Student: 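My structure is below; once you've seen it, I'll send some questions.
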Amino acid sequence: MKIEFAEFELPRSGAVVVGAWEGGVLTGSATRLDQATGGAVARAVAAAPRFHGKKNELIAIIGPPELAVSRIVVAGLGQPDAVDARLLQDLGGNLTAHLNGAGESEASFAIDLGDAAPVKAGDAAAHLAFGAELRSYRFDKYRTTQKPEQRPSLASLTVASASPGEARESYRTLGATAAAVFLTRDLVSEPANTLYPETLAEQAGALAELGLAVEILDEDRLRELGMGAVLGVAQGSVRPPRVVVMEHRGGAPGSPPLGFIGKGVTFDTGGISIKPAAGMGDMKWDMAGAGVVIGLMRLFAARQAKINAVGIVALVENMPSGAAQRPGDIVRSMSGQTIEVLNTDAEGRLVLADALWYCQSRFKPKLMIDLATLTGAVIVALGSQHAGLFSNNDQLADRLLAAGNAVGERLWRLPLADSYDRAIDSDAADVKNISGDRGAGSIIGAQFLQRFVNKVPWAHLDIAGVAWSKKDAPTVPKGATAFGVRLLDRFVAEHYEKAK
Ligand code: BES
Ligand code: MN
Ligand code: ZN
């Protein structure tokens, strides 16, 4: 979608959106439009008994005779002091969905908040545009027979404000964020016949163009490094594994990086512990953790974040075959710890074990945060409203919780404890990859990961319930959500880039 920023003026074509406060009071630009239409806006508000100017309410005036626009939409803004960035993003997203539903191809938002709301005019316009852009995402590259009415119609959006220059400036980082979110959504949506470890690694490698230093570790290199846990999962597939290391150097030279680690299982059949057929297609997005890390690193590079960061993604395909790992196999991880693989479907923790160890031993990071679609159990516990958060560090956990609340990607902290850890002691090896009973499945997964983390502050985000959405939300159309990109970018900007 083409987005432009401009001053307020009466539009002469397309759809125009204005705002009304709770109680039906028109904003300044709505009043001007009302005058230009001989009072049509105020009449429509008065005639709509269910419109109170609250958020999520809107009324549409189709083809007003006095003005050459196709429609006027009056959007409820709620109470001025409750207006914030999130509300504006959601409004931009909801309006985009509405205008696409109405078949509009061109629209302008003329939503001025005046001095009433605690958001600057330029920022307000930028957040409206950001929400609109996020909602406009589609993954339709494989749809060859779509009719025009099935395609999104809205092609160009002008967002008016009192300070278009500031809006443009403010949108630079937001636009980069949207581009990163779109990259993640594209990667997560792509099916496993085209997206497998080598091709996903190539896509990460392409980020070198933005200034990231990218290394792709191939199978021989993984063997040299002793990553037996990664290799064990990968051995059943004809697709060889890859580990990709992406470095962004925007902070003080030599200062320890922030480490982001992603589970990149490009398809998870379960392996020999094979999954049931129903819903198995979902397992194309079992690389969502890696997709988020790749999008996040793209964003750090694009907005020249003033931090050092390293992103590491462990890429495998988990398949059953004559060469596949068997339940009961014992593998040697890079850490030296041996792992009894009692269930080949608990594969994410295996690949992360080596990736976490590698990150910590090579980079001595300031902290490590991993993202993984790790357990079905986290969906049972938290549904799609929260991702599971586990951490060995309260400050890190609190900061992540706050960042999640700020961007609307919510986390819920679950416990780690020695009493759970005992459940993964193995009789035959140092550790086993499942506990053997059905209790606390997500915690058990996190405890397993913690065995591969030394003293460094670490957090694990189990995103199995939030990486993919079955229904539209204001800024997230159904499908791949890219949950984590905005959260971690916010976390970094808030705590590691501000001059103290
Ligand atoms: N990728 C799955 C977890 C998952 C399930 C993600 C549903 C998204 C939606 C993971 O590899 C897995 O299979 N976990 C097992 C662990 C079990 C064998 C201990 C699970 O959750 O059943
Ligand atoms: Mn699995
Ligand atoms: Zn998996």
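Start at 1 with the first residue, then count along the sequence. Computed from a predicted model, the values in this text were never measured in an experiment. Counting convention: from 1, in listed order, for ligands and their atoms alike.
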Student: Would one find an N, O or S atom of D345, in either backbone or side chain, under 2.8 Å from the Zn ion (ligand 3)?
Tutor: no
Student: Any idea which atoms of ligand 1 are less than 4.0 Å away from a heavy-atom of I379?
Tutor: 7 (C), 9 (C)
Student: Hydrogens and angles aside, do T269 and N318 bring a side-chain donor and acceptor to less than 3.5 Å of each other?
Tutor: no
Student: Based purely on interatomic distance, does R349 place a nitrogen or oxygen under 3.5 Å from a nitrogen or oxygen of ligand 1?
Tutor: no
Student: With respect to Q450, which candidate in N392, I424, D421 satisfies the side chain to side chain contact (heavy atoms under 4.5 Å, CB included) definition?
Tutor: N392
Student: Taking atom CD of Q150 as the centre, report whether more than 12 heavy atoms of other residues, nucleotides or ligands fall under 6.0 Å from it.
Tutor: yes
Student: Could you measure the distance from the CG atom of L225 to the CG atom of D220? Nearest 0.5 Å is fine.
Tutor: 11.0 Å
Student: With a cut-off of 2.8 Å, does V265 put an N/O/S atom close enough to the Zn ion (ligand 3)?
Tutor: no
Student: Could you see which bit of D345 sits under 4.0 Å from ligand 1, with heavy atoms only: side chain, backbone, both or neither?
Tutor: both
Student: Looking at ligand 1, would L374 count as a contact under a 4.0 Å heavy-atom criterion?
Tutor: yes
Student: Indicate if the distance from the Mn ion (ligand 2) to the nearest N, O or S atom of D345 falls below 2.8 Å.
Tutor: yes
Student: By number and element, which atoms of ligand 1 are closer than 4.0 Å to a non-hydrogen atom of N343?
Tutor: 18 (C)
Student: Using a strict threshold of under 4.0 Å (side-chain N to carboxylate O), is an ion pair present between R451 and D425?
Tutor: yes
Student: Is the shortest distance from a Lys or Arg side-chain nitrogen in D286 or K263 to a carboxylate oxygen in the other one below 4.0 Å?
Tutor: yes
Student: I'd like to know if D472 pairs up with R135 as an ion pair, taking the criterion as any Lys NZ or Arg NE/NH1/NH2 lying under 4.0 Å from an Asp or Glu carboxylate oxygen.
Tutor: yes
Student: Is atom CD of Q304 surrounded by more than 12 heavy atoms (other residues, nucleotides or ligands) closer than 6.0 Å?
Tutor: no
Student: Looking only at protein heavy atoms, which one is nearest to atom 20 (C) of ligand 1, and what is the separation?
Tutor: G376 N, 3.9 Å
Student: Please state whether D282 comes within less than 4.0 angstrom of ligand 1, counting heavy atoms only.
Tutor: no
Student: Can you tell me which N/O/S atom of D268 has the shortest distance to the Mn ion (ligand 2)?
Tutor: OD2
Student: Under 4.0 Å from any heavy atom of W285, which atoms of ligand 1 are there?
Tutor: 8 (C), 9 (C)
Student: Among protein heavy atoms, which sits nearest to atom 9 (C) of ligand 1, and what does the distance come to when rounded to 0.1 Å?
Tutor: M283 CE, 3.5 Å
Student: A quick test of your reading: do over 12 heavy atoms of other residues, nucleotides or ligands sit less than 6.0 Å from NZ of K275?
Tutor: yes
Student: Output the list of atoms in ligand 1 that are nearer than 4.0 Å to some heavy atom of I434, sorted by atom number.
Tutor: 19 (C)
Student: Tell me the angle that OD2 of D286 and NZ of K263 form around the Zn ion (ligand 3), rounded to 10°.
Tutor: 100°
Student: Can you list the ligand 1 atoms lying under 4.0 Å from a non-hydrogen atom of E347?
Tutor: 11 (O)
Student: Among the N/O/S atoms of D268, select the one at the shortest distance from the Zn ion (ligand 3) and name it.
Tutor: OD2
Student: Nearest N/O/S atom of E347 with respect to the Mn ion (ligand 2), by atom name, please.
Tutor: OE1
Student: Looking only at protein heavy atoms, which one is nearest to atom 2 (C) of ligand 1, and how far off is it?
Tutor: D268 OD2, 3.6 Å
Student: Short list, please: which atoms of ligand 1 are under 4.0 Å from a heavy atom of T375?
Tutor: 3 (C), 21 (O)
Student: Answer with yes or no whether the side chains of T375 and S442 bring together a donor and an acceptor at under 3.5 Å.
Tutor: yes
Student: Heavy-atom distances under 4.0 Å are what count here, so tell me which part of K263 touches ligand 1: side chain, backbone, both or neither.
Tutor: side chain
